[in-house]
There are 2 protein chains.
Amino acid sequence: MSIAERKQEEKQEMHQRILNAARKIFLEKGYEKTSMRNIANEINYSPGSLYFHFKDKTEIFQELQKEGFTLLLNQLKVLNSVADPFERLKASGRVFIQFAQENKDYYNLMFMVEETVKNPAETRFTIAQEAINHMCSMIRDCQQQGKFIEMDTDYFTFMVLSAMHGICALFCKDRTTSFINKTNEELMENGYACFVALLEKS
Amino acid sequence: MSIAERKQEEKQEMHQRILNAARKIFLEKGYEKTSMRNIANEINYSPGSLYFHFKDKTEIFQELQKEGFTLLLNQLKVLNSVADPFERLKASGRVFIQFAQENKDYYNLMFMVEETVKNPAETRFTIAQEAINHMCSMIRDCQQQGKFIEMDTDYFTFMVLSAMHGICALFCKDRTTSFINKTNEELMENGYACFVALLEKS
DNA sequence: TGGATAATTGAACACTGTTTAATATATTTG
DNA sequence: CAAATATATTAAACAGTGTTCAATTATCCA
């Protein structure tokens with residue numbers, strides 16, 4: 001099966017070439033403004049060929065979305081070394097926000113694009129689920145240390161995620177300009193610090 | 001000037017007819033999936049005619065965005081009758097979230113669409129500014145009653161807005177499905193309740 | 001070498017936002 | 001009233017979009 005294997009590899013290579021081109025342009029111009037022809041041109045391919053390797057535009061997009069989630073999760077996993085769960089939680093928020101700042105385009109792809117999948121039991125879903133479970137267990141650990149007691153774990157997790165996401169979402173869609181005389185970095189950092197202050201008093 | 005006036009009125013009438021058609025379709029299908037031809041067909045107009053009344057697609061969109069902000073602000077103004085500033089703040093969040101639930105499409109138009117204006121000194125900006133000032137002064141009132149002391153007003157306002165927006169943003173882009181066995185309403189309501197609980201302990 | 005299989009292409013289809021020359025309608029002026 | 005002007009509307013065209021598909025090339029196996 002040596003030849004069949006090579007064939008397989010060549011196909012995967014093409015798969016990657018397309019994905020690399022798509023990543024570059026998607027992250028440059030965003031989802032809507034990137035055309036299949038743009039991607040094809042980037043690698044001197046014909047537009048039709050893309051459809052031999054991918055079902056449609058959304059399938060390419062979803063692979064990149066998945067990439068983004070993996071990237072974020074890996075950055076969060078570094079914090080597993082932080083022993084104290086509350087410190088870990090606080091640091092996770094900082095990492096999350098930093099990820100959005102440094103990967104604004106990935107973030108937009110991951111969280112700000114209309115869902116294209118009808119059956120969410122695939123791609124993003126499982127890995128997003130993983131992120132949420134991670135978060136949930138972290139908060140449960142905090143609760144076992146006496147923090148956030150009498151709070152429902154699931155709803156509290158949702159709230160914490162919302163607060164972090166809210167900061168990033170305003171940033172990603174340029175809704176921070178209404179706060180004059182404040183840079184995005186100041187707003188996000190100090191805004192999150194306020195949230196942490198709330199958590200610490202609880 | 002009777003005739004000139006009538007002319008003016010007729011033009012404004014057309015302006016409204018277009019806006020009504022655009023609102024219907026924008027809120028049905030979202031910004032990107034709505035075409036100028038869709039809007040023109042809705043009122044049996046030619047696509048080109050739209051450009052006599054509006055500069056381009058974004059100008060139509062921005063008027064509707066402004067509508068949404070006015071709608072939200074009006075709902076918030078009802079709470080001016082609530083004397084206690086902290087009670088008013090808590091209720092504002094509930095109204096905000098309810099607005100997102102009941103006007104998901106407006107909310108998407110207002111907060112989740114890529115900014116089209118290059119010079120933000122117009123349209124949304126001023127009215128968003130108004131909303132933020134409203135929020136800011138509400139929090140300042142709270143601080144004068146001893147709440148959220150030692151917090152920077154601006155950053156705290158940004159954080160509160162982020163928390164509310166985060167809840168709505170996850171809802172609006174269907175990122176709530178990863179919390180299984182929980183409805184959107186449960187998540188949003190109880191999630192916000194958790195946030196309020198944090199605020200109350202501060 | 002011949003036939004099957006896989007990969008690629010370019011043209012076509014029905015759409016998109018926008019521009020523009022031509023046209024129709026209405027208003028003002030001579 | 002008629003001519004000229006201003007206003008409003010239209011259809012056609014342009015360059016772009018995602019996607020499909022028949023035709024073509026390249027590659028492999030017998």
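Protein chains get the first letters and strands the later ones, always in sequence-line order, with residue 1 at the start of each.
- Here the P atom of nucleotide D:dA11 and the CZ atom of B:F52 are 17 Å apart, to the nearest Å.
- Under the 6.0 Å cut-off for aromatic ring centres, B:Y155 and A:F179 do not qualify, their centroids lying 6.0 Å or more apart.
- For A:Q143 (side chain) and A:M151 (main-chain N/O), a donor-acceptor pair under 3.5 Å exists by modelled atom type.
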Polar atoms only, N or O, under 3.5 Å: list the protein pairs with nucleotides 16-20 of chain C and their distances.
unit_1 : atom_1 : unit_2 : atom_2 : d
C:dT16 : OP1    : B:S35  : OG     : 2.7
C:dG17 : OP1    : B:T34  : O      : 3.0
C:dG17 : OP1    : B:M36  : N      : 3.1
C:dG17 : OP1    : B:K57  : NZ     : 3.2
C:dG17 : OP2    : B:M36  : N      : 2.6
C:dG17 : N7     : B:R37  : NH1    : 2.6
C:dG17 : O6     : B:R37  : NH2    : 2.8
C:dT18 : OP2    : B:Y51  : OH     : 2.7
C:dT18 : OP2    : B:K57  : N      : 3.0
C:dT18 : O5'    : B:Y51  : OH     : 3.2
C:dT18 : O4     : B:R37  : NH2    : 3.4

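- Sequence neighbours left out, the pairs with a member in residues 82-93 of chain B that pass side-chain hydrogen bond (donor to acceptor under 3.5 Å, both in side chains) are B:E87-B:K90, B:R88-B:D141, B:K90-B:E200.
- Distance A:M14 CE to D:dA26 P: 16 Å, rounded to the nearest Å.
- Using a 4.0 Å cut-off between charged nitrogen and carboxylate oxygen, A:D174 and A:K104 count as a salt-bridge pair.
- For A:E189, the CD atom is loosely surrounded, since the number of other residues' heavy atoms within 6.0 Å does not exceed 12.
- Contact between the side-chain N/O atoms of B:K11 and the OP1/OP2 oxygens of D:dA8 is found at a separation under 4.0 Å.
- Each end of the helix from C:dT1-D:dA30 to C:dG30-D:dC1 gets its own axis from five base pairs, and the two axes differ in direction by 20°, given to 10 degrees.
- Under a cut-off of 6.0 angstrom, the local environment of NZ in A:K182 is crowded, with over 12 non-hydrogen atoms contributed by other residues, nucleotides or ligands.
- Taking atom CG of B:N41 as the reference point, atom P of C:dA14 lies 16 Å away to the nearest angstrom.
- For the OP1/OP2 pair of C:dT8 and a distance below 4.0 Å, the side-chain nitrogens and oxygens of A:Y45 include at least one atom meeting the criterion.
- One atom, CG of A:L50, and another, P of C:dG10, lie 13 Å apart when rounded to the nearest Å.
- Here the P atom of nucleotide C:dT8 and the NE2 atom of A:H15 are 14 Å apart, to the nearest Å.
- Regarding contacts with the backbone of D:dA8, every side-chain N or O of B:H53 stays at 4.0 angstrom or more from both OP1 and OP2.
- As a whole-Å value, the separation of A:I25 CD1 from D:dG16 C1' is 15 Å.
- For the pair A:K55 and A:E63, the salt-bridge criterion is not met [side-chain N within less than 4.0 Å of a carboxylate O].
- Using a 3.5 Å distance cut-off with no hydrogens or angles, the side chains of A:T157 and A:D154 do not pair a donor with an acceptor.
- A salt bridge links B:K201 with A:E150: at least one charged nitrogen is closer than 4.0 Å to a carboxylate oxygen.
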